[in-house]
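Worksheet: one structure, shown below.
First the proteins, then the strands, lettered A, B, ... as listed; each starts at 1.
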Amino acid sequence: MTPTPESTGPAARLDVPRGPRLGVAWLAGGCAALFVAAIVGIWIGPVRVSPGGVILELLDRLPIVTIDSGLSDFEQTIVWDIRAPRVVLGMLVGAMLCSSGATYQGVFRNALADPYSLGVAAGAGLGATIAIVNRLGDGSGVGDPVPLFAFGGALLAVMVASTLGAPRGAPSANANLVLAGVAVAAFLTSIQTYVLQRNTEDLRKVYSWILGRLSTSSWGEVQLVLPYAIVCCTGLLLLASRLDVLAVGEDEATMLGASPAGIRIVALALASFAAAAAVAVSGLIVFVGLIVPHAVRRLGGVTHRRVLPLSMLFGGAFLALTDVVARTIQAPRELPIGVVTACIGAPFFLHILRRQAAV
Amino acid sequence: MTPAIHWQGVTIERGGLPVVRNIDLRVPVGAWVSVLGPNGAGKTSLIRCLTDLRPTSGTVSIDGIRLDEVTPRQRAQRIALVPQHPVIPPGLPVFDYVLLGRTPHQGFGYRASRDDLRKTHAVMQRLELDRFARRPLDSLSGGERQRAVLARAIAQETATVVLDEPTTFLDVGHQYDVLELVAEMRAERGVTVVTTMHDLAIAGQFADRVAIVHQGALLAEGPPSETLTPELIATAWGVDAAVSPDPNGGVHVNIRRRREPPALPASSTSTLTGSLEAIQERS
């Protein structure tokens, strides 16, 4: 006879797995990584500041907390006005790129999908270029049309790449999706180059937007990207359980009562918006959306209820620490952060490609 | 009595050509109906009408409710499907996979309640899958995976379970394991079972009723003793069969070879003999 839930008894109740929820230990680990990355990111720099002073100074900035950090006014300015916004911006960008990458990988059921390989950055660049050369905005300030045009370009790139590389509902467990992304990126970049050549007076403005401002970031940039980060990350976290149903493919998800087409469209829109907003403030940072979600999946589990929040937390920490490497490895000069992520990400990408080819 | 499933005058066309022609088939509540037919007869199209395929004409109803008038969620609360080629998500723990069967019963956020977790656990215990709960689904053997897919369908707690060629890729032992489990689940929970199959011998032993689809039309429908006859088998599949009654109900179907085995060339038998002698000499 089938044991009913009641007949399983208290002893059996202890054995009931908890399901795909995010465990407290992993959540605490992610928060700890973010905290350590923040302290390290603010502490390390050309001007030496004590780590204890950094922690106290950050605590002092919390509401209703008043602590004397012992730092001079000059050190306080360095900690709070120069390094802190840069670290926070890096964390927001990392969280957005990684949640975006994890979502693309889930929707396409392809471990190689990320904002870079799908041509999202190229699409966002083209969208922003069109908005800037037509004097629709300059990319500064909330509600500026430039990020919206970048979002449109990013979404267009994903839609074209996915239509060519991953037919509806089919798993794209090979390089087709990435090859389609490469082709789309090349095509959109060529259009962007053509538009720029016809509008050379806007060259500086466009490249300033594309290359990003992580190195010269202030709280203004943080304020600019924060609404997009909150909307996209919250939206994707709310979609996580739906993305888990998509793991069995669109046909089976339909049989389970889900509406895969709707989930797919909303997820791709949020992921593309997150990636476009990240590109707007940080420029092209490659492979971050691939490395972190993949590592999280290997260590913490494959369900999106775990992968998405952990990718955001560890992605934020990863990019903040990568930025530390980028600005210290050949100090006093800075290396573009994308160079560091590419050095780590390219071998990683090839490793996943080999594994997929072997399946 | 309202049938569990009713295909009413269903015609399905693809590229302007009919693949299913005016089929009228009722599945009584609590019955096990096997839909049989040769490749390309229209079995899968008929089953897909229960999920995402709209017939060109005719209607499909579950428990008297037309499928085109219910939402996917309402449909999934009434009918569970074990697909022929289920997607196996890499790395997904078996428990989380079976828990997906609770999706139609979950609220807006698809959040698993304690009740969902307990019911999933109970189904896994019943199908002896609980020891694999935390193992990745893709690390299981073919037979164990098929059990997990069946467990997901049972966790869905529907009145009807449809299995599309559930024994494909399984060895004969696992084929019988899976079907015996389905039979037990049917007896315990009173569910209606619909299967598509290629194996007439298995269908003859497990199904109460058999529907033979041939060239898109319903050739015969009824108990195995009336439908799995040598004449109808010859018409649908073009093979000779010997049919005898099964003491447990149903029928035994034995397919005979159409022609005498062709004589092997003398050289091949002598080569084989020579090889055996050589092995014996060496050992």
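Of the atoms belonging to B:His105, not a single heavy atom falls under 4.5 Å from chain A. Contacts of B:Pro136 with chain A are absent, with no heavy-atom separation under 4.5 Å from either backbone or side chain. For chain A, the nearby parts of B:Pro104 are the backbone and the side chain; heavy atoms of each come within less than 4.5 Å. Using a 4.5 Å cut-off between heavy atoms, A:Ala253 does not touch chain B at all.
The shortest non-hydrogen separation linking A:Gly257 to B:Ala76 is N-CB, 3.5 Å. Taking every heavy atom of both residues into account, B:Tyr110 and A:Arg305 meet most closely at O-NH1, 3.3 Å. Nearest heavy atom pair, residue A:Ala258 against residue B:Pro72, reads O-CB, 4.1 Å.
Comparing B:Gly101, B:Pro89, B:Pro93 by heavy-atom pairs within less than 4.5 Å of chain A, the highest count is held by B:Pro89. Heavy-atom pairs under 4.5 Å with chain A peak, among B:Met124, B:Arg48, B:Arg152, at B:Arg152.
A:Asp244 CG to B:Tyr97 OH: the interatomic distance, rounded to the nearest 0.5 Å, is 13.5 Å. Rounding to the nearest 0.5 Å places OG1 of B:Thr51 at 10.5 Å from CD of A:Glu252. From B:Leu81, atom CG reaches atom CG of A:Leu256 across 10.0 Å, with rounding to the nearest 0.5 Å.
Two residues are said to be in side-chain contact when any heavy atoms from C-beta on lie closer than 4.5 Å; A:Arg109 and B:Val87 meet this criterion.
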